[in-house]
Peer 1: 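Okay, here's the structure, questions in a sec.
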2 protein chains.
Amino acid sequence: MDNPELQPIPDTTEQKIFEAAHEVFTQKGMDGAKMQEIADRAGINKALLHYYYRSKEKLYEMVARAIINKAMPAIRQVIESDLPLEEKIRRFIGTYIDIISQNPYIPLFIISEINKHPERFFDAILPATLPKPEVFFRQVEAEVAAGKIRNIKPQHLIVNIVSMCAFPFIGKPMMRILLGMGTGEMRIFLEERKYEVTTFVLASLRPE
Amino acid sequence: MDNPELQPIPDTTEQKIFEAAHEVFTQKGMDGAKMQEIADRAGINKALLHYYYRSKEKLYEMVARAIINKAMPAIRQVIESDLPLEEKIRRFIGTYIDIISQNPYIPLFIISEINKHPERFFDAILPATLPKPEVFFRQVEAEVAAGKIRNIKPQHLIVNIVSMCAFPFIGKPMMRILLGMGTGEMRIFLEERKYEVTTFVLASLRPE
DNA sequence: ATTTAGTTTAACCGTTTGGTAAAATTTCGG
DNA sequence: CCGAAATTTTACCAAACGGTTAAACTAAAT
């Protein structure tokens, strides 16, 4: 009745503002973003920003919360599931890289946000949807004890996986220059990683 | 004659400004940094910033260049050396994590800089000291052909290594919360990684 | 002691910034 | 068609910003 489409099309002024703010904040950060530029990109008057969202901080908080809530639940669902370890690793890497591919700005935005205002992030923005890795840890310990995988500390394993998934997108421009790739090659390279990271991890876990 | 100490102690006004600018720029970025705050931290008058460094951009450029020149040469030296592959990987991970441990702000600073002003970074700030990974690539290919390590694309290998070294420092606060560690535990954890990443990589490279 | 060059300060300037007030316009129920 | 509520625009403000100027201060040279 409201909207016959599956995805809400940017229609109302409020939505256009949010979209423009999303663009500017993710590209330039809180300090680099200017209210006037957000208004221009939304094609509306600057005063309307304050009419719908009271202040720059409130608007930023809305955008930040939306970004977190888009990224976290999928990750959490995989890592807290009761899949067998190898399948869990496969799916975790798959979904992680998928999400970042579709929203490459997410990791750097979250990291920059935490670095500049940790308390605001953990108190206000981050809901209680933080993934709990304990299940995963016990799974790893169990398979180590059973001799199915080599001895490894589960904390380091998960940090390794997340690092290999996220960092190439964060440091994409630098990687591109370092590897001497064009933008097209780089796109292919990043797509390959879903398979390559999985192989790399599982190969490392082979028992001695 | 100039300075009897090994490390130059912040003495002159010019040095105090540079130090303060280094702090503020690395913590808050170009946009978040304010000239007044730099002056305050240096304990001097704001006009002196423009007396010694002409503008905010020039000052920022000096700081950025210093950071690049501190990080790059050591990395470059290892990766372009003619050490055997396993030893090269060991040393690369060791020096990489050492440098970042002592200057944890470096990766995020470089990445943010590139993301906001790629042309300025690659044209002006980055000297010709960019590491050339071709030697490393051929080494990997040779050992794959000789059956000493399993089949792996060298580009993915080096991206994996850099990711696992750099990302935990970039995302330290998030990792800390996720893993439920205190700051002390986290420090130990990051120190462990020099060994853990090396083991992880070498284990993954074992022939099938 | 006076000059001179280098350094530091206080006061100021034009612009941009986030934000506000009030008028003008649109929307919509009666 | 009218009037009240919601929306949009214009004009404006105080504060903060990067930067400049000219005066004041300091220290060494003559």
Side-chain angles (χ1 to χ4, degrees), chain A residues 1-3 8-66 109 112-113 116-117 120 124-125, chain B residues 1-3 8-66 109 112-113 116-117 120 124-125:
Chain A
M1 187 173 281
D2 285 323
N3 192 333
I9 296 169
D11 211 5
T12 73
T13 302
E14 198 173 350
Q15 284 172 328
K16 284 195 291 185
I17 292 174
F18 187 85
E19 272 210 347
H22 192 283
E23 281 181 34
V24 177
F25 278 133
T26 49
Q27 285 169 18
K28 312 203 168 179
M30 169 65 165
D31 296 319
K34 308 297 165 190
M35 296 295 266
Q36 187 59 59
E37 187 184 348
I38 295 175
D40 291 344
R41 286 213 209 183
I44 51 97
N45 191 284
K46 195 191 68 167
L48 280 176
L49 300 184
H50 298 91
Y51 179 77
Y52 286 102
Y53 307 84
R54 293 166 45 113
S55 67
K56 187 183 183 184
E57 285 214 4
K58 294 277 180 196
L59 181 52
Y60 182 76
E61 198 178 303
M62 292 283 180
V63 171
R65 223 186 288 264
F109 179 83
S112 301
E113 166 66 18
K116 280 171 192 162
H117 308 285
R120 177 171 67 186
I125 295 173
Chain B
M1 189 173 281
D2 284 322
N3 192 331
I9 297 167
D11 210 5
T12 73
T13 302
E14 198 172 349
Q15 284 171 328
K16 284 196 291 187
I17 292 174
F18 186 86
E19 271 209 348
H22 192 283
E23 281 182 34
V24 178
F25 278 133
T26 49
Q27 286 171 17
K28 313 204 166 175
M30 171 64 166
D31 296 320
K34 308 298 167 190
M35 295 295 265
Q36 187 60 59
E37 187 184 348
I38 295 174
D40 290 344
R41 286 213 207 182
I44 51 99
N45 190 283
K46 195 190 66 166
L48 281 176
L49 301 183
H50 299 91
Y51 179 77
Y52 287 103
Y53 307 84
R54 291 166 46 113
S55 66
K56 187 184 183 183
E57 285 213 3
K58 293 279 178 193
L59 181 53
Y60 181 75
E61 199 178 302
M62 291 283 179
V63 172
R65 223 187 288 265
F109 179 84
S112 301
E113 166 68 17
K116 280 171 192 162
H117 308 285
R120 177 171 67 186
I125 294 172

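Protein chains get the first letters and strands the later ones, always in sequence-line order, with residue 1 at the start of each. Just so it is clear, the model here is predicted, and its values are computed rather than measured.
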Peer 1: Any side-chain N or O of T13(A) under 4.0 Å from OP1/OP2 of dT7(D)?
Peer 2: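 No, T13(A) has no side-chain N/O under 4.0 Å of OP1/OP2 on dT7(D).
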Peer 1: Of all residues at least two apart in sequence or in a different chain, which pass the side-chain hydrogen bond (donor to acceptor under 3.5 Å, both in side chains) check with D40(A)?
Peer 2: Q36(A)
Peer 1: Would you name the heavy atoms of D31(B) and G32(A) that are closest together and state the gap between them?
Peer 2: OD2-CA, 3.4 Å
Peer 1: Can you tell if the side chain of M30(B) reaches within under 4.5 Å of the side chain of E57(B), non-hydrogen atoms only?
Peer 2: yes
Peer 1: Sequence neighbours left out, what passes side-chain hydrogen bond (donor to acceptor under 3.5 Å, both in side chains) with K46(B)? Give chain and number order.
Peer 2: none
Peer 1: According to side-chain hydrogen bond (donor to acceptor under 3.5 Å, both in side chains), who are the partners of E14(B), at least two apart in sequence or on a separate chain?
Peer 2: none
Peer 1: Measure from the side-chain N and O atoms of K56(B) to the backbone N and O of A33(B), and report whether any donor-acceptor pair falls under 3.5 Å.
Peer 2: yes
Peer 1: Specify whether Y60(A) and F109(A) have parallel, tilted or perpendicular ring planes, treating 30° as the upper limit for parallel and 60° as the lower limit for perpendicular.
Peer 2: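 Plane angle between 30° and 60°, so tilted.
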Peer 1: Using a 4.0 Å heavy-atom cut-off across all strands, classify Y52(B) as base, sugar-phosphate, or nothing.
Peer 2: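 Result for Y52(B) = sugar-phosphate.
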Peer 1: If a pair satisfies ring-ring contact (aromatic ring centres under 6.0 Å, His included) and one of its residues is in residues 27-53 of chain B, list it, with sequence neighbours excluded.
Peer 2: none
Peer 1: What is the distance from NZ of K56(B) to C1' of dT20(D), rounded to the nearest Å?
Peer 2: 17 Å
Peer 1: Can you give me the first and the last nucleotide of DNA chain C (5' to 3') that has an atom within less than 4.0 angstrom of a non-hydrogen atom in chain B?
Peer 2: dG6(C) to dA10(C)
Peer 1: Which parts of residues 30-50 of chain A get close to DNA chain C, meaning a heavy atom less than 4.0 angstrom away?
Peer 2: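 By residue number: A33(A), K34(A), M35(A), K46(A), A47(A), H50(A).
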